Amino acid sequence: MANGLKSSTAARVRFAPSPTGYLHIGGVRTALFNWLWARKTKGTFVLRIEDTDQERSTPESRQIIFDSLRWLELSWDEGPEVGGDHGPYTQMERLSIYKEWSERLIKEGKAYRCTCTKELLDQQRAELKAKDPKANFRYPGTCRNKPDAIPDVPYVVRFKVPTDGVVTYVDKVFGEVTTPNKAQQDFVLLRSDGIPLYNFGAVVDDLAMGITLVARGRDHMVNTPPQILIYRAFGAEPPDMAHLPMMLAPSGEKLSKRHGAVSVTEYRDQGYLPAAVLNYLARFGWSHGDQEVFSLAELVEAFSWEACGRGDGKFDTKKFLAIQHEHMKRENLTSTKEYAARLVPFMKLRGLDVSASELEKTIYTVRERSRTLIEAAEGLDFFYREPHVTDDAAKAKFLVDTNAPNLKGFLSVIKDASEWTEAVLEKAVHDWLEKEGKQIKDVAQAARVALTGRTASPGLFQVLAVLGKDRSLARLESAIAIAEVTPAPPPPPPKEGAGKEGATKEAPKG
RNA sequence: GGCCCCAUCGUCUAGCGGUUAGGACACCAGCCUCUCACGUUGGGAACACGGGUUCAAUUCCCGUUGGGGUCACCA
């Protein structure tokens, strides 16, 4: 009962990445689930930078994290650049806090100073391994029972792990998990340079920041028992814990650069929509009946830890693209206004300086056929490029003398149309075709190549309407000029497959 | 190897004792069609194995197998 109440009241959750590179797609999922929970409970989403790995942390990575989260629209309520009552939100700025809290534990006999050097322990570990490759090295407890005094050599602070007993906690997605304490060693809290290790820094901060639920990847599940021991040493109740199943590469290996894009910024640059990225990630390890496509608001509404699965999954780029396509197609998911605004930079990349308001008028022609903003930009290119570019193969195949008469006829019909609208043009052309005893397919491809420069495009009459009368006529005229002086290629030889099929069918005759 | 976790179509998953085991992606075939798409109809495709519990197990329990995580003065 008390637990249910705790879950439904405003949660304080956090996302605590290390600034050691790009923001991994798996990290984004962790951020998303936390963010969803914060929004659903009308709670607080805290961003904390865990930069205690001085070797790997960089200011650039820190910036990438901010940029990525902002692009995804996963806004944080407390954290770097926005502030809050529990700062600072960067661990390297909290060193005095860790020092103070560790002294507290030492004073209470729950932790101790250890002067064993890393070199010594590495050596002991190596010796043991040499004797017995299967052996499990653990800190032997050399300094565990020494009376406390500040040594005159560098020392680390170690946690005094109880020699017996177990840690049991109820994971929000995995249920009850029990680990024996004797499986753990006296792990290090504070390094000799005063910088905390992950488990200590995270617990101190989560406690100090009033975090009520910790959600992270399953690779952290092994950290939970020692962390709970630390919470208890501080006389505190641990927050709720939730672990998320792993996202694996299609091969079943850990997801890495080798298996395609793992950095969110790559998806951004490939023309994915943030809402689509979030949608795919949300459905990975979480489900809501048969629903596949969600807006962000729907995710917030529907999300729950209970509906999270426990099995690891494999990242599927095809399904990801399909979800992305849905978001590109549906106006209620991506309004034309938003679509246009996001498209502008992709047009710019093609050297086309088109305003969002201009794009808003043409987007309807590519909505269903573009899966990404890059594809949309490609699809819209010929509307804005003057002169437009004609594909060589398309030109050679369609802008030829045998098509010239049809193109001329087509041109003169639309030129005389009573009104330059899709419907009127279509009717005019069809009337003409009927009179001529021709079909639209006899002229469509040549006209398409003339107008768009390619063999695949939006509907012919949509193209005419968007292009406008002057440009349409001009493009047709120059195409006709080319066609008239270009001899048609020889007809292709009969297809082998078709011949065989015919032979089979007519075999009884022979 | 120790500790921990997991197990339904190829993939993401629904299922919370009794179902023709459902959906989505992908795949195949058809329809639609001025191209590309979209849309649409249909199809193949799964409960890892072995014991229990039960009138009844995909579902609950145990084991086996398989997979994953982690064993640092990284996070």
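Every chain is numbered from 1 and lettered A, B, ... according to where its sequence line falls, protein lines coming before strand lines. Everything quoted here is computed from the prediction, not taken from an experiment.
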Pairwise distance OH(A:Tyr339) to CG(A:Leu373) - rounded to 0.5 angstrom | 6.5 Å

Contact class for A:Lys314 (heavy atom, under 4.0 Å): base, sugar-phosphate, or nothing?
-> sugar-phosphate

No-hydrogen, no-angle side-chain donor-acceptor test under 3.5 Å, A:Thr224 and A:His243 = yes

Touch class at under 4.0 angstrom, heavy-atom based, for A:Cys308 against every strand present = nothing

What interatomic distance, in whole Å, is found between P of B:G52 and the corresponding atom of B:A14?
-> 30 Å

Measure distances between side-chain N and O atoms of A:Ser192 and base N and O atoms of B:C73, and say whether any donor-acceptor pair falls under 3.5 Å.
-> yes

With a non-hydrogen cut-off below 4.0 angstrom, is A:Thr117 in contact with a base, only sugar-phosphate, or nothing?
-> base

Under 4.0 Å: is that the gap between some side-chain N or O of A:Arg283 and OP1 or OP2 of B:U13?
-> no

Are A:Glu127 and A:Gln123 linked by a side-chain donor-acceptor pair shorter than 3.5 Å?
-> yes

In whole Å, what is the span from the CZ atom of A:Phe461 to the C1' atom of B:C34?
-> 8 Å

Within the structure shown, what part of the strands sits under 4.0 Å from A:Ser287 by heavy-atom distance: base, sugar-phosphate, or nothing?
-> sugar-phosphate

A:Leu255 CG - B:G68 P separation (whole Å) | 14 Å

Give a yes/no answer on whether the side chain of A:Arg218 brings an N or O atom under 4.0 Å of OP1 or OP2 in B:G68.
-> no

Please determine, for the side chain of A:Leu121, which listed nucleotide (B:C74, B:C34, B:C73) has the closest atom?
-> B:C73

Who pairs with B:A46 - Watson-Crick or G-U, where each distance is under 3.5 Å = none

Could you let me know what B:C71 is paired to, Watson-Crick or G-U wobble, both distances under 3.5 Å, or none if it's on its own?
-> B:G1

Looking across every strand, which nucleic acid part, if any, lies under 4.0 Å from A:Gly459 by heavy atom: base, sugar-phosphate, or nothing?
-> base

Using a 4.0 Å heavy-atom cut-off across all strands, classify A:Leu197 as base, sugar-phosphate, or nothing.
-> sugar-phosphate

Euclidean distance, atom CD of residue A:Glu375 to atom C1' of B:C38 [Å, nearest integer] | 13 Å

When rounded to the nearest Å, what value does the distance between C1' atoms of B:U35 and B:C28 take?
-> 23 Å

Electrostatic pair A:Lys99:A:Glu103 at N-O distance under 4.0 angstrom = yes

Closest to the A:Asn136 side chain: B:A75, B:C25, B:G1?
-> B:G1

C1' gap between B:G43 and B:G67, integer Å = 32 Å

Does the side chain of A:Lys254 get closer than 4.0 angstrom to OP1 or OP2 of B:U70 through an N or O atom?
-> yes

Heavy atoms under 4.0 Å, any strand shown: does A:Pro458 hit a base, just sugar-phosphate, or nothing?
-> base

Hey, does the side chain of A:Arg310 come within less than 4.0 Å of B:G68's phosphate (OP1/OP2), counting only N and O?
-> no

Using a 4.0 Å heavy-atom cut-off across all strands, classify A:Arg138 as base, sugar-phosphate, or nothing.
-> nothing

Between the base of B:G22 and the side chain of A:Asp290, is there a donor-acceptor distance below 3.5 Å?
-> yes

Could you measure between the two P atoms, the one in B:C61 and the one in B:C5, and give it in whole Å?
-> 13 Å

Using a heavy-atom cut-off of under 4.0 Å over every strand shown, decide if A:Arg158 touches base, sugar-phosphate, or nothing.
-> sugar-phosphate

Compute both the distance and the angle, then confirm whether A:Arg158 meets the cation-pi test with A:Tyr139: under 6.0 Å from the six-membered ring centre, within 45 degrees of the axis.
-> yes

With a 3.5 Å cut-off and just heavy-atom distances, do the side chain of A:Arg369 and the base of B:C36 make a donor-acceptor pair?
-> yes

Sugar-phosphate only, base, or nothing, as touched by A:Asp132 at under 4.0 Å among non-hydrogen atoms | nothing

Rounded C1' spacing from B:U33 to B:C38 in Å = 11 Å

Within the side chain of A:Tyr267, is there an N or O that forms a donor-acceptor pair under 3.5 Å with the backbone of A:Ile25?
-> no

Heavy atoms under 4.0 Å, any strand shown: does A:Val156 hit a base, just sugar-phosphate, or nothing?
-> base

Just call it for A:His220: base, sugar-phosphate, or nothing, with non-hydrogen atoms closer than 4.0 Å on any strand.
-> base

Of the listed B:A75, B:C4, B:C34, the closest approach to the A:Ala444 side chain comes from B:C34

Beyond-backbone contact of A:Asn181 with A:Val166, side-chain heavy atoms, under 4.5 angstrom | no

Considering only B:G1, B:C34, B:C5, which nucleotide approaches the side chain of A:Arg448 most closely?
-> B:C34

For nucleotides B:U8 and B:G66, find the distance between their C1' atoms and express it as a whole number of Å.
-> 16 Å

Which of these nucleotides, B:G1, B:A75, B:C12, is closest to any side-chain atom of A:Lys134?
-> B:G1

Donor + acceptor pair across side chains of A:Gln91, A:Asp51 (<3.5 Å) = no

Could you check how far CG of A:Asn181 sits from P of B:G2, rounded to whole Å?
-> 19 Å

Mind checking A:Thr178 for me? I need base, sugar-phosphate or nothing, with any heavy atom below 4.0 Å counting as a touch.
-> sugar-phosphate

Say you pick atom C1' in B:U11 and the same atom in B:G51; how far apart are they, in whole Å?
-> 31 Å

Any strand: nucleotide that pairs with B:G66 via Watson-Crick or wobble, under 3.5 Å = B:C6

Of A:Ala322 and A:Gln185, whose closest RNA chain B nucleotide lies nearer the 5' terminus?
-> A:Ala322

Considering only side-chain heavy atoms of A:Asp316, which listed nucleotide, B:A72, B:C25, B:G1, is closest?
-> B:C25

Base B:G23 paired with A:Glu292 side chain (donor-acceptor, <3.5 Å) = yes

Spacing of the C1' atoms in B:U53 and B:U59 (rounded, Å) | 13 Å

According to a strict under-4.0 Å criterion, is A:Lys329 in side-chain N/O contact with OP1 or OP2 of B:G39?
-> yes

Can you tell which of B:C4, B:U35, B:G69 lies closest to the side chain of A:Ala456?
-> B:U35

Salt bridge (Lys or Arg N to Asp or Glu O under 4.0 Å) contacts in which one or both residues fall within residues 454-465 of chain A, not counting sequence neighbours = none

What is the pairing partner of B:U54, taking Watson-Crick or G-U wobble pairs with both distances under 3.5 Å in any strand?
-> none

Nearest nucleotide by nearest heavy atom, which residue falls closer to the 5' end of RNA chain B, A:Thr455 or A:Trp286?
-> A:Trp286

In whole angstroms, the gap separating P of B:U11 from CG of A:Leu281 amounts to 19 Å

Under 3.5 Å donor-acceptor pair, A:Asn223 side-chain atoms to B:A75 base atoms = yes

Would you mind telling me which of B:A26, B:A75, B:C3 lies closest to the side-chain atoms of A:Lys318?
-> B:A26

For the side chain of A:Asp312, counting heavy atoms from C-beta on, which of B:G68, B:C4, B:C74 is nearest?
-> B:G68

Name the nucleic acid region contacted by A:Thr179, choosing base, sugar-phosphate or nothing; use a 4.0 angstrom heavy-atom cut-off, strictly under.
-> sugar-phosphate

Does a side chain donor of either A:Gln270 or A:Thr372 reach within less than 3.5 Å of an acceptor in the other side chain?
-> no

Considering only heavy side-chain atoms of A:Phe174, the closest of B:U35, B:C38, B:C6 is B:C6

